Amino acid sequence: MPKSFLDVKKEMYDAISDEKMRIGVARGMDSYLKNYEKVKDRPDVVQLRSEVKAIKDYDVKHMEELYKQAMEALVRNGVAAYYADTKQDALETVGKLVGTGKIVVKSKSMVTEELGLRHYLQERGNEVWETDLGELIIQFRNEKPAHMISPALHVPREAVAEVLKKEFGRTFDPNDLPGMVGAVRDFLRSKLLKAQVGITGINAISAMDGTVVTVENEANIRLTSSLPPMNVVVGGIEKVVPTTLDAVKVALLQGYYGGSPVPTYVNLSAGPSGTRDIEKTLVRPAQGSKEMHVVLVNNGRLDATKTPLWDTTRCIRCGACQLVCPTYSVDGPTWGGPTYTAAVGLPWTAITEGREAAEPLSYFCLECDACNNICPVQIDISGTIRWIKKMSTEELLRR
Amino acid sequence: MPIEANEEVVTSGLKDALDGTYPAARGDNTLKSAQADNTRILLDRKDVFQTLIENWKRTSNPVGMKAEELVAWSKGLGLSSESDTILYTGGLYQMIPFINAFVAGVERLESTSVGGAGFKVFRALSSLGFDVSSAYAALTAGDKERFNRIVANVVTLLDRSGVAVGYLGHDELYSGILFHDLGMDSVFEEQGRAVYGKFKEHGVKRVITMDPHSTMALKQLYPQFIESFDIEVRHYMEVVDPGIAVTKGSLKGQKFALHDPCVLARKLDLWRNYRALLDQAGADVVEPIRSRSMTFCCGGPIENIAPKVSSEITVKRAMELKQAAEAALVACPICLANFTRVERKTGLATFDVLEVLR
């Protein structure tokens, strides 16, 4: 049952006084600005923007053909490839692969949040651990992500210390950030070594080679995809780009605009690990995963290409738009749907949950174009939100 | 426990909520769709939309401002209504005191704490409607004079730049832009066609605008649904000669934090012109955090539909501007309205660039 405008208005009014959230979001927005200044005028980044825009423009027009090509390439690489049309299809596909009674580690993937994958697997008797620090914090707090890149943006250090005390049973000094991160590292290391399944996401995937590209700073993605014997990769079909080089470009730009002037790791994975070092005979695994599965999820994206929401399918999930949004600065993740928050999060909510879920949210958009101004691929975010609002208002006035 | 309408609760509840400024009962159920949750009342979309549309039907603008009030600034200036170049005020500067009265009223209504009597008040209020005419009647001449003077100032600046303008007076209609912002496109387009019709009736070929929202409406939106739209639209900052502007009066020598209105800086890309005018006039301006095309919106566009969120954004921005200087400069009636409305809370004095230049 979608929320009414008044339901949302009440939540929006109440969220303003959530001081901890306000502090976390304000700190995040201010520090983002500094990182943005470092990359925005760099000639290579400016060049990358126009190249990636051209890639994503092509993607929108060829989404179906591209994902089919990617699936063929994956199979040629010895990777099992699946297309999941709906949320339920995706959940069942991954569910069958994992089974029950397993230890599962997973890295950050907004698509898996759309699906509610962690809860689904837990309900089927599996132990599931988020390996991205921000995601683990919100897993402990049982919340939705506050932002596309920084899921725990709304959790200041004092609250992190509190939740770690609860989960690990000892006291942490909120100002000892290395101490807290170190405790999480030790905890996750043992899970990573015991896990049978590692679920990872996709920043971009090459239609020609089936190569999956991800970008990160923590090293949790490369560990999650390599240590457990089974690697299940889950991503949206809009992530397919023509070539491997295109995929690296998209991932790098997402790193830069996501707030990392120099993204630490870029991973390219085209298949499970193997070696022919003994008599030229292929043996899997070598040092990494033994089997790799890729699940490409639709969940509204194909339909979106037929409406003004097509523009949003070009999104590279950098989250920059949210960090310059005035409404986000006072309301944080409350201004959003079950998975996506603020700015481009509103059209994403429309795509993945249906337009009615996004309609009440659209009235809190200022249409100030701060989002449009910063978007590296020039999505008309505020115009798309206004379209959602207009459809809703026209329907209301007709009643 | 049965809920009964209680006259006494209603009267005192209203008084507390509205400071005695909106006592009039209208009995047209415009608050029927509002919701009370035992502690406060929140206006629903329909409450707001219906009020704006009813005002528009009566007066052609969403705040219900009378035509005499809109044209009062031009008294004695002898501006012609038959010039092919006119100043289009858009009505927004003149509307500032009325907008503030309206928004402050809604804010007070929505922040009322009515305790356990919530539902009783709600039931009674819903039959009273929401009438702002008394609030407007309470505005002083002084409230209105400041903002009317701003409109006259732009004529002076244009005149000193060698640009003579006419003014359509009662035939200048509000652009309809608020309706566009709220998604009421059919109302917006009807109003747009009426505005254009008046231009054509008076043989207007060139329009000079003075606020970002009206400029965006005429320049960028009207051509989307008026196929034959052939009027040249320029914002005054594209027309005024920077060389002629000087700082003036009691604000000379004051240091200002320069706030870029979001529409001016981004949709209209006029932040350079804004600075050129001020530089040449020797004004003392400081760039705050988040300026130029990265400017932080004042919160104005959602002030009708969600005033509490809007004001919170305004206060946040005001505090940022205060870090740069004790006073701020803006170039938009909506920014000016918003920052002045929260001035008591923030201590930031705000002026329009048209109050500082001559």
Side-chain angles (χ1 to χ4, degrees), chain A residues 4-17 22 25-26 29-30 32-34 36-37 40 320 323-331 334-335 359-374 382-383 385-399, chain B residues 33-37 39-50 53 110-111 179-188 213 216 261-263 265-269 289-290 292-317 320 334:
Chain A
S4 74
F5 170 77
L6 277 179
D7 289 336
V8 173
K9 187 170 181 176
K10 180 175 191 300
E11 287 174 7
M12 293 287 281
Y13 274 24
D14 288 345
I16 289 170
S17 43
R22 296 286 300 267
V25 170
M29 289 178 75
D30 287 348
Y32 176 76
L33 264 187
K34 298 195 185 99
Y36 173 66
E37 288 299 320
K40 75 183 215 305
L323 295 175
V324 294
C325 174
T327 302
Y328 185 68
S329 80
V330 302
D331 271 300
T334 296
W335 189 41
E359 282 174 4
L361 303 168
S362 65
Y363 290 92
F364 299 86
C365 168
L366 303 166
E367 289 179 43
C368 72
D369 278 12
C371 48
N372 288 13
N373 181 61
I374 203 169
S382 74
I385 295 175
R386 203 196 79 87
W387 172 77
I388 293 170
K389 183 187 341 183
K390 182 189 83 161
M391 300 297 273
S392 185
T393 300
E394 283 183 351
E395 202 236 340
L396 176 74
L397 293 178
R398 270 200 297 271
R399 280 195 233 145
Chain B
S33 47
Q35 178 192 85
D37 65 348
T39 54
R40 62 181 189 226
I41 291 148
L42 294 181
L43 295 191
D44 203 348
R45 289 179 295 171
K46 220 164 189 170
D47 300 320
V48 177
F49 293 174
Q50 253 170 293
I53 289 178
E110 288 188 331
S111 64
F179 296 109
H180 173 266
D181 291 347
L182 292 171
M184 290 189 258
D185 285 22
S186 44
V187 175
F188 172 64
H213 294 268
M216 178 183 79
C262 64
V263 176
R266 287 190 282 258
K267 286 192 158 87
L268 300 177
D269 198 23
I289 188 177
R290 288 184 254 268
R292 301 191 169 110
S293 61
M294 291 291 286
T295 192
F296 193 87
C297 174
C298 73
I302 60 173
E303 62 193 349
N304 296 291
I305 197 79
K308 184 172 175 184
V309 179
S310 174
S311 289
E312 193 67 22
I313 292 171
T314 312
V315 167
K316 184 178 155 75
R317 180 52 173 172
E320 279 185 359
I334 304 299

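Just so it is clear, the values below take in all heavy atoms, side chains as well, and ignore hydrogens, waters and symmetry mates. All chains are named by letter (A, B, ...) in the order of the sequence lines, taking the proteins before the strands, and each is independently numbered beginning at 1. From a predicted model like this one, the values you see are computed outputs, not experimental measurements.
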Measuring from [X]:[atom1] to [Y]:[atom2], what's the distance to the nearest 0.5 Å?
| X | Y | atom1 | atom2 | value |
| --- | --- | --- | --- | --- |
| B/Leu42 | A/Lys9 | CG | NZ | 5.5 Å |
| B/Asp44 | A/Ser4 | CG | OG | 7.0 Å |
| B/Phe49 | A/Leu397 | CZ | CG | 6.5 Å |
| A/Leu366 | B/Phe296 | CG | CZ | 8.5 Å |

### Task
May I have the step-by-step check of side chain to side chain contact (heavy atoms under 4.5 Å, CB included) for A/Glu394 and B/Met184, ending in yes or no?
CA-CA 7 Å; A/Glu394 283 183 351; B/Met184 290 189 258; over 6 Å; no
### Task
Taking the side chain as every heavy atom from C-beta outward, state whether B/Asp185 and A/Arg386 have any atom pair closer than 4.5 Å.
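A side-chain contact under 4.5 Å exists here.
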### Task
Please tell me if the side chains of A/Pro326 and B/Arg317 come closer than 4.5 Å, counting only heavy atoms from C-beta onward.
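A/Pro326 vs B/Arg317: side chains apart.
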Which atoms of [X] approach chain A - backbone, side chain, both or neither, heavy atom under 4.5 Å:
| X | value |
| --- | --- |
| B/Val263 | neither |
| B/Lys308 | both |
| B/Ile53 | side chain |

#### Entry: Worked verdict on B/Ile305 versus A/Phe364 for side chain to side chain contact (heavy atoms under 4.5 Å, CB included)
CA-CA 8 Å; B/Ile305 197 79; A/Phe364 299 86; 5.8 Å; no
Please classify the contact of [X] with chain B as side chain, backbone, both or neither, using a heavy-atom distance under 4.5 Å.
| X | answer |
| --- | --- |
| A/Leu396 | both |
| A/Asp369 | both |
| A/Leu33 | side chain |

What's the shortest heavy-atom distance between [X] and [Y], and which atoms?
| X | Y | value |
| --- | --- | --- |
| A/Ala26 | B/Lys316 | CB-NZ, 4.5 Å |
| A/Thr327 | B/Val309 | CG2-CG1, 4.5 Å |
| A/Ser382 | B/Lys267 | OG-NZ, 4.4 Å |
| A/Met29 | B/Arg290 | O-NH1, 4.3 Å |

### Message
Show, in sequence, the C-alpha distance, side-chain angles and deciding distance for B/Met294 and A/Lys40, and conclude whether the side chain to side chain contact (heavy atoms under 4.5 Å, CB included) test is met.
### Response
CA-CA 12 Å; B/Met294 291 291 286; A/Lys40 75 183 215 305; 5.6 Å; no
Are any side-chain N or O atoms of [X] and backbone N or O atoms of [Y], one a donor and one an acceptor, separated by less than 3.5 Å?
| X | Y | result |
| --- | --- | --- |
| B/Arg45 | A/Tyr363 | no |
| A/Lys389 | B/Asp181 | yes |
| B/Ser293 | A/Asn373 | no |

### Option that, when pairs with chain B are counted at under 4.5 Å, heavy atom only, ranks first among A/Ser362, A/Ser392, A/Pro360, A/Ala15
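Looking at each of A/Ser362, A/Ser392, A/Pro360, A/Ala15 in turn, A/Ser392 comes out on top.
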### Query
Out of A/Tyr36, A/Trp387, A/Tyr13, which one racks up the most heavy-atom pairs below 4.5 Å with chain B?
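Option with the greatest count: A/Tyr13.
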### Message
One pair to check against side chain to side chain contact (heavy atoms under 4.5 Å, CB included): B/Leu43 and A/Leu6. What are the steps and the verdict?
### Response
CA-CA 8 Å; B/Leu43 295 191; A/Leu6 277 179; over 6 Å; no
### Presence of salt bridge, A/Arg22 and B/Glu312, under 4.0 angstrom
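A salt bridge links B/Glu312 with A/Arg22.
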